[in-house]
A.B. asks: 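One structure follows; several queries about it will come next.
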Amino acid sequence: MQTKISILFFIKRSKPNASGLVPIYMRVTVGGSRIEISAKRFIEPSAWAANAGKVRQGSGDSKSVNHYLDMLKKQTYDYQTELIQAGLLVTAENMRNKLLGTELGKFSLIDIFQDHNDKMKALIGNKFAEGTHERYKTSLSHTVEFLKWKFKVSDIDIRRIDHAFITEYEFYLRSVKKCCNNTAFKYIKNFGKIIRICLKNQWIDKDPFSNYDGKAEDVDRVHLTTEELESVTNKVFQSQRLNRMRDLFVFSCFTGLAYSDIKKLNKTEVVKGIDGINWIIKNRQKTETTSRIPILPIAQEILDRYANDPQCKNTGKLLPVMSNQTMNDYVKEIGALCGIDKELTYHVARHTFATTVTLTNDVPMESLQKMLGHKDIKTTQHYGKIVDKKISNDMKLLSEKLSASAFKIVRESKAASS
């Protein structure tokens, strides 16, 4: 609904200049609030017609002053229209900023979001991974599309963002973009980072997320069982590209390194440990924490296999890593050829290391946290839930077998007990 404004011109007799002329002021009232701005024109007090709100005809340069006041009034209404079209509130404060030319770009949501993404892009490889930047680019795109869908605007004042905005945005992600719970939550979480930037800069004084209760749901992370891992490890393919891909995938299954980390793995990150074997010690790009991983024999064998590989020598890396999309495509092909009926991606290797290779072989949770480079052990404990679920399922199968077996508790008859 368009906010009604009213405009009134008047003189301030209490502020004459050295020549005895008084200033003309414009009063703009918006929803009960008002502002007063100098029109930057001075006249004789007797030349002012208060009822008409203009200079009396025939008084000095009344024609030019009144024309200027008409133009100023029209400009004020034009600014009202501009605010509405930009999706901004028509408030006394916003009208003052428009009239005085003191609008602040820092209050533009999309400008702030884009600035964040530009800075993140500049730090790819230093502080952020390329994949992280891509996710925030997608988040910004969803935000722009939401503004057009909900408000019919391309940008919005951050001071308009409230709890209702957040819940509507979440609804849009779920309904229009068809995002599942965790995907929608991820985009809302990314949006929350932009809000925190605004809060820290004191551009807004209230957190619109204060009463927001959305959260990610626990999901079973796909991982290979021992039998499936053996199938992939022992499989020999006719294609050299698949054999290479198998080596890279198996290497991550036995080290827990994610794609972004294996892609940059170099000689300086492999050091001799206190136990006499090689360790991988590297800063994880995603969490900026250090992973400390003793290299298991099969992983060391793969490193040795590519020690003289031309691609590795040219890049200075330890393994001939391809693009993430290519590797994901090859992993799916390997899974199909090995008869594995699961949705495989390269990241499944990291989950396999955490579950099948370590936790199911009694590696303590605290040690796994250090190897995975998790900041919070709660992140690592999620894998413990997967292992517990496997134990539960195994015990259910055992229970069913025992129930069908000859194991029975002999119950004494009353006669025997007497």
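No hydrogens, no waters, no symmetry mates; every other heavy atom, side chains included, goes into these values. These figures come from a predicted structure and were not determined experimentally.
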A.B. asks: Measure from the side-chain N and O atoms of D162 to the backbone N and O of P208, and report whether any donor-acceptor pair falls under 3.5 Å.
C.D. replies: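 No, D162 side chain to P208 backbone: no donor-acceptor pair under 3.5 Å.
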A.B. asks: Check E366 with K370, please: is the shortest side-chain N to carboxylate O separation under 4.0 Å?
C.D. replies: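 Salt bridge flag = no for E366 with K370.
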A.B. asks: Answer yes or no: is there an ion pair linking K264 with E269, defined by an N-O contact shorter than 4.0 Å?
C.D. replies: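 Answer for the salt bridge query: no.
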A.B. asks: Can you tell me if T167 uses its side chain to pair, donor with acceptor, with the backbone of H163 under 3.5 Å?
C.D. replies: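 Flag set: sc T167 to bb H163 pair under 3.5 Å.
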A.B. asks: Can you tell me if K342 has over 12 outside heavy atoms packed within less than 6.0 Å of its NZ?
C.D. replies: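 Result for NZ/K342: enclosed.
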A.B. asks: To the nearest 0.5 Å, what is the distance between OG1 on T91 and CG on D157?
C.D. replies: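 Here the interatomic distance stands at 8.5 Å.
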A.B. asks: Is K263 atom NZ crowded by more than 12 heavy atoms from other residues, nucleotides or ligands, each under 6.0 Å away?
C.D. replies: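 Check fails, neighbour count at 12 or below.
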A.B. asks: Has K15 got more than 12 heavy atoms of other residues, nucleotides or ligands less than 6.0 Å from its NZ?
C.D. replies: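 For K15, atom NZ is not crowded (no more than 12 foreign heavy atoms under 6.0 Å).
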A.B. asks: Please examine the side chains of I277 and P294, heavy atoms only from C-beta on, and report whether any two atoms are closer than 4.5 Å.
C.D. replies: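 Yes, at least one pair of side-chain atoms sits under 4.5 Å.
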A.B. asks: Test side-chain contact (heavy atoms from CB on, under 4.5 Å) on K54 and V65 and set out the steps.
C.D. replies: CA-CA 8 Å; K54 57 177 60 178; V65 172; over 6 Å; no
A.B. asks: Rounded at 0.5 Å granularity, tell me how far CD1 in I24 sits from CG in L72.
C.D. replies: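 I24 atom CD1 to L72 atom CG measures 10.0 Å (nearest 0.5 Å).
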A.B. asks: Side chains of L344 and I334: closer than 4.5 Å at any heavy-atom pair?
C.D. replies: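 The answer is no; the side chains never approach within 4.5 Å.
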A.B. asks: Show your reasoning for whether side-chain contact (heavy atoms from CB on, under 4.5 Å) applies to Q80 and V90.
C.D. replies: CA-CA 6 Å; Q80 178 193 24; V90 180; 4.0 Å; yes
A.B. asks: Just do the side-chain contact (heavy atoms from CB on, under 4.5 Å) check on L248 and Y346 with the steps written out, would you?
C.D. replies: CA-CA 9 Å; L248 298 176; Y346 191 83; 4.1 Å; yes
A.B. asks: Salt bridge or not for R241 and E333, using N-O below 4.0 Å?
C.D. replies: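 A salt bridge links R241 with E333.
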A.B. asks: Quick one: is the NZ or CZ of R246 closer than 6.0 Å to the six-membered ring centre of F237, and within 45° of its axis?
C.D. replies: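 No; the conditions do not both hold, so R246 does not lie above the ring face of F237.
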A.B. asks: Please find the pair of heavy atoms, one from D309 and one from P320, that lie closest to each other, and give the distance.
C.D. replies: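 Answer, listing the atom of D309 first, then P320: OD2-CB, 3.9 Å.
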A.B. asks: Is any side-chain heavy atom of F185 closer than 4.5 Å to one of L173?
C.D. replies: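 They are not in contact (no side-chain heavy atoms under 4.5 Å apart), so the answer is no.
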A.B. asks: Backbone N or O of D111 within a donor-acceptor pair of the S108 side chain at under 3.5 Å?
C.D. replies: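 Yes; at least one donor-acceptor contact below 3.5 Å.
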A.B. asks: In terms of heavy-atom contacts, does NZ of K332 have more than 12 from other residues, nucleotides or ligands at under 6.0 Å?
C.D. replies: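 Yes.
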A.B. asks: Got a second to check how far N190's CG is from I195's CD1, nearest 0.5 Å?
C.D. replies: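 That separation rounds to 12.5 Å.
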A.B. asks: I need the I124 CD1 to S260 OG distance, nearest 0.5 Å.
C.D. replies: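 The OG atom of S260 is 12.0 Å from CD1 of I124, to the nearest 0.5 Å.
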A.B. asks: Does either side chain, that of N328 or that of T345, offer a donor lying less than 3.5 Å from an acceptor on the other one?
C.D. replies: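 No pair is found: no donor N or O on one side chain lies under 3.5 Å from an acceptor on the other.
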A.B. asks: From F254 CZ over to E301 CD, what is the distance, rounded to the nearest 0.5 angstrom?
C.D. replies: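 If we round to the nearest 0.5 Å, F254:CZ and E301:CD are 10.5 Å apart.
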A.B. asks: Do E228 and H223 come close enough that some side-chain heavy atom pair is under 4.5 Å?
C.D. replies: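 With C-beta onward as the side chain, the pair stays apart.
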A.B. asks: CZ of F171: more than 12 outside heavy atoms within 6.0 angstrom?
C.D. replies: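 Counting other residues, nucleotides and ligands, CZ of F171 stays at 12 neighbours or fewer.
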A.B. asks: Closer than 4.0 angstrom, basic N to acidic O: yes or no for K74 and D70?
C.D. replies: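 Between D70 and K74 there is no salt bridge, as every charged N stays at least 4.0 Å from the carboxylate O atoms.
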A.B. asks: Of the non-hydrogen atoms in N181 and K215, which two are nearest, and what is the gap between them?
C.D. replies: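 Closest approach of N181 to K215, heavy atoms only: ND2-O, 3.2 Å.
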A.B. asks: Given 3.5 Å as the limit, does a donor-acceptor pair link the side chain of S231 with the main chain of E227, or not?
C.D. replies: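 No, the answer is negative, given that no donor and acceptor are paired below the 3.5 Å cut-off.
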A.B. asks: Checking N201 side chain against I197 main chain: does a donor-acceptor pair fall under 3.5 Å?
C.D. replies: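 Flag set: sc N201 to bb I197 pair under 3.5 Å.
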A.B. asks: Taking the side chain as every heavy atom from C-beta outward, state whether T255 and D261 have any pair of such atoms under 4.5 Å apart.
C.D. replies: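 No, their side chains stay 4.5 Å or more apart.
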A.B. asks: How close do L109 and D155 get, heavy atom to heavy atom, and via which atoms?
C.D. replies: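 Closest approach of L109 to D155: N-OD1, 3.3 Å.
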A.B. asks: Got a donor-acceptor contact below 3.5 angstrom from the T356 side chain to the L224 backbone?
C.D. replies: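 Confirmed, T356 side chain pairs with L224 backbone.
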A.B. asks: Between Y136 and H116, is the ring centre distance below 6.0 Å?
C.D. replies: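 Yes; H116 has its ring centre under 6.0 Å from that of Y136.
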A.B. asks: Under 3.5 Å, is there a donor-acceptor pair between the side chain of Y259 and the main chain of N324?
C.D. replies: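 A pair under 3.5 Å: yes.
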A.B. asks: Measuring from atom CG of D207 to atom CD1 of I166, what distance do you get when rounded to the nearest 0.5 angstrom?
C.D. replies: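 Rounded to the nearest 0.5 Å, the CG-CD1 separation comes out at 8.5 Å.
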A.B. asks: Answer yes or no: is there a donor N or O on one side and an acceptor on the other, between the side chain of R350 and the main chain of L372, under 3.5 Å?
C.D. replies: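 Yes, R350 side chain to L372 backbone: donor-acceptor pair under 3.5 Å.
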A.B. asks: With a 3.5 Å distance limit and no angle check, can you tell me whether S141 reaches the backbone of K137 through a side-chain donor-acceptor pair?
C.D. replies: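 No; judged by distance alone, with no hydrogens or angles, the pair does not exist.
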A.B. asks: Indicate the atoms forming the closest heavy-atom contact of Q300 with I295, along with that distance.
C.D. replies: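 Nearest heavy atoms, Q300 then I295: N-CG2, 3.4 Å.
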A.B. asks: Are R135 and K186 packed together at the side-chain level, in the sense that at least one heavy-atom pair is separated by less than 4.5 angstrom?
C.D. replies: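 With C-beta onward as the side chain, the pair touches.
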A.B. asks: Looking at every heavy atom in both G273 and W279, which two are closest together, and how far apart are they?
C.D. replies: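 That closest heavy-atom pairing would be CA-CD1, 3.6 Å.
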A.B. asks: Would you check if the side chain of S252 reaches a backbone N or O of F249 as a donor-acceptor pair within less than 3.5 Å?
C.D. replies: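 Answer holds: no.
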A.B. asks: Got more than 12 heavy atoms from elsewhere within 6.0 Å of CG, D341?
C.D. replies: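 No.
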A.B. asks: Please find out if less than 6.0 Å separates the ring center of H133 from that of F128.
C.D. replies: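 Centroid distance H133-F128: not below 6.0 Å, so no.
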A.B. asks: Can you classify the ring geometry of H351 versus H347 as parallel (below 30°), tilted (30 to 60°) or perpendicular (above 60°)?
C.D. replies: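 Ring orientation, 0 to 90° scale: perpendicular.
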A.B. asks: Side chains of E36 and F10: closer than 4.5 Å at any heavy-atom pair?
C.D. replies: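 Answer yes - side chains close enough.
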A.B. asks: Quick one: does NZ or CZ of R27 land under 6.0 Å from the six-membered ring centre of F9, within 45 degrees of the ring axis?
C.D. replies: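 Checked: cation-pi criterion not met.
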A.B. asks: Report the C-alpha separation of S38 and Y25 in whole Å, then their side-chain angles, then the decisive distance to 0.1 Å, and conclude whether the side-chain contact (heavy atoms from CB on, under 4.5 Å) test is met.
C.D. replies: CA-CA 4 Å; S38 172; Y25 270 73; 3.9 Å; yes
A.B. asks: Heavy atoms only: give me the nearest Y187-S139 pair and the separation to one decimal.
C.D. replies: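 Closest approach of Y187 to S139, heavy atoms only: CD2-OG, 3.1 Å.
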A.B. asks: Hey, is NZ on K193 packed in by over 12 heavy atoms from elsewhere, all under 6.0 Å?
C.D. replies: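 Counting other residues, nucleotides and ligands, NZ of K193 exceeds 12 neighbours.
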A.B. asks: Would you say the side chain of L257 lies within less than 4.5 Å of the side chain of K282, judging by non-hydrogen atoms?
C.D. replies: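 Of all side-chain heavy-atom pairs linking L257 with K282, at least one is under 4.5 Å.
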A.B. asks: In terms of relative ring orientation, are F191 and F165 parallel, tilted or perpendicular, with 30° and 60° separating the classes?
C.D. replies: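 Rings of F191 and F165: parallel, under 30°.
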A.B. asks: If you draw a 6.0 Å radius around CZ in R292, do more than 12 non-hydrogen atoms from other residues or ligands fall strictly inside?
C.D. replies: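 Atom CZ in R292 is not packed in, count stays at 12 or less.
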A.B. asks: In terms of the angle between their ring planes, are Y172 and F146 parallel, tilted or perpendicular, with boundaries placed at 30° and 60°?
C.D. replies: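 Aromatic pair Y172/F146 classed tilted.
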